[in-house]
Amino acid sequence: MAHGLVKRESVDWEMHKSEDKSKTFVYTKKRGYDVTRNPHLNKGMAFSLEERLQLGIHGLLPPCFLSQDVQLLRVLRNYDMKKDDLDRYVFLMGLQDRNEKLFYRVLTSDIERFMPIVYTPTVGLACQQYGLTFRRPRGLFITIHDRSHITTLLQSWPEKDVRAVVVTDGERILGLGDLGCYGMGIPVGKLALYTACGGVSPQQCLPVMLDVGTENEELLKDPLYIGLRHRRVRGQAYDDLLDEFMKAVTDRYGMDCLIQFEDFANNNAFRLLRKYRNKYCTFNDDIQGTAAVAVAGLLAALRITKSKMLDHTILFQGAGEAAMGIADLITMAMEKEGIPREQCLKKIWMVDSKGLIVKGRDHLTHEKERFAQEHPQMKKLEDVVQKLKPTAIIGVAAVAGAFTEQIIKDMASFNERPIIFALSNPTSKAECTAEQCYTLTEGRGIFASGSPFDPVTLADGRKFYPGQGNNAYVFPGVGLGVTACALRHITDEVFLLTAETIASLVTEKDLSEGRLYPPLNTIRNVSFKLAVKIVEYAYKHNMALLNPEPEDKEAFVRSLIYSTDYDEFAVDSYRWPEDAMGVQSCKL
Ligand code: NAD
């Protein structure tokens, strides 16, 4: 069999093109159970007879040939029988372990339905229960005791061409706090969305848990806990681990391998971002990804209020990673509108657990200092809202119900169209519900949340579709664009470009229905458009390492997108009678 050019390869297979280049085949040396029990290769009863014979699996499967559509139907029927979301999560993860193409076919068949299961809010619950839901390990577990050996551990990872790593140390999982090694659910879930929403090939993605211990007493006592059973190691040893990890990843996979930081605690998140952002191809999703999605929502909101960013006074409840990231990007957006930075900063206010952030106050970190205002101290959010009369409030403190009835009503009394973003995750931590926002503002509130809320119908019949400021609008598309052109560093301009691109994809109809983001079921298109913009930007600013520059950037990005269709295996021909080989298909 001569199949010509090798297109892509993984540890399990190689992609070959036919001689006339019209067809692509998968070639593997694996046989028997090594094929059917390998999620990258397995296609269950969708293997053809020729493939079954050639791969040594004839007889290991029932003698029926099913199309992927029928397999999808089977999965959906099973899925409907599950009794709660955690069961659905476990079921989907099981599918990912058995048949990867089918798993992504399921996710992409109705992304709006499945995203809340593989991502927030259910992934939060899954992380809390990781000891229970744990079936098969996925990703790489590196501990503080593996220092000086990370290169060896990375060699154990079978894939040779990793383009995107998502790493966590599990210290601040969503708004749920320190979940230690249970936090691995987050990189796994995020990377599932890299593929489902962004089209990055799953073989090119690597989830990593850096286990340095946990402060979570319950986990330390939990017999099912899967992580190191001691308190967090901090200081120099921690920093050395991170330094070694960054170097080992880029030594093995190249300086253009994207490393996304996820759910690190505040102090480490800022520090590590500052330390690595100009050295590696890296970003922190909680700071920069959140910033892009929140600013995208604000830019869309400006189309409703017919105003500029610099016309707004924005108050944050919370002054952590999310708040700082968003505030920095708002500042950039205002500067772009033409006012100096000092003036921008005067329009951004923050309340943390100690009250309003003002000059001279105690407990001001370097990050908070930048947003400290000349103003007397104030403690309560309600009082701050009354005093400042903001045009927008953004909740990112994981304090459930922080936007009280009084606050929402006040916002509605100061503003024709108050902007109210309740971004804390998971749903149980939201500052207010979509219903509270729309009812208390008589439908005038411009609302976005971190976790999904159902549409709300007011007593007068008006129906609103709350915007979900979901980072999934950002990181899969950024991941695709950055890895496509091998972007050297990911600058803040990339995130402002991201916010502008997402906002530009919101239609007037979306806005009229209350949506500040494109509908979730269009997210693959959003990621694609975003990736193309990033590739164009990278070449324009000499930041792309990939040479030569692709002429047609759209076609180039499209050619990289992972397909959920099964590949044909390269086999020698061997035939059964035609009538015995009919493939069972169905109309979905
Ligand atoms: P963080 O730990 O860095 O920051 C939390 C901040 O809240 C800190 O500044 C803390 O001082 C403040 N805080 C705590 N209690 C408070 C109180 N009672 N009153 C006022 N402030 C208080 O966490 P983070 O990364 O900024 O995330 C915060 C929340 O935002 C989480 O729930 C997270 O899930 C959510 N988030 C949402 C999105 C999104 O919707 N796309 C993205 C990122 C983060």
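All figures in this text were calculated on a predicted structure; none of them were measured in a lab. Scope of the values below: all heavy atoms of this structure, side chains included, with no hydrogens, waters or symmetry mates. Order of appearance sets the numbers: ligands from 1, and atoms from 1 within every ligand.
The pair Arg234-Glu171 counts as a salt bridge, with a side-chain nitrogen and a carboxylate oxygen less than 4.0 angstrom apart. Between Arg370 and Glu367 there is a salt bridge, since a side-chain N of the basic residue sits under 4.0 Å from a carboxylate O of the acidic one. Between Arg361 and Asp352, at least one side-chain N (NZ, or NE/NH1/NH2) sits under 4.0 Å from a carboxylate O, which counts as a salt bridge.
Residues Tyr182 and Tyr225 place their aromatic rings such that the two centres sit under 6.0 Å apart.
For ligand 1, the 4.0 Å heavy-atom shell contains residues Arg172, Leu174, Gly175, Asn266, Thr290, Val293, Gln317, Gly318, Ala319, Gly320, Glu321, Ala322, Val351, Asp352, Ser353, Val396, Ala397, Ala398, Val399, Leu423, Ser424, Asn425, Gly450, Gly469, Asn471.
With 3.5 Å as the limit, one finds a donor-acceptor pair spanning the side chains of Thr214 and Asp178. Neither side chain, Asn415 nor Thr391, offers a donor N or O lying under 3.5 Å from an acceptor on the other.
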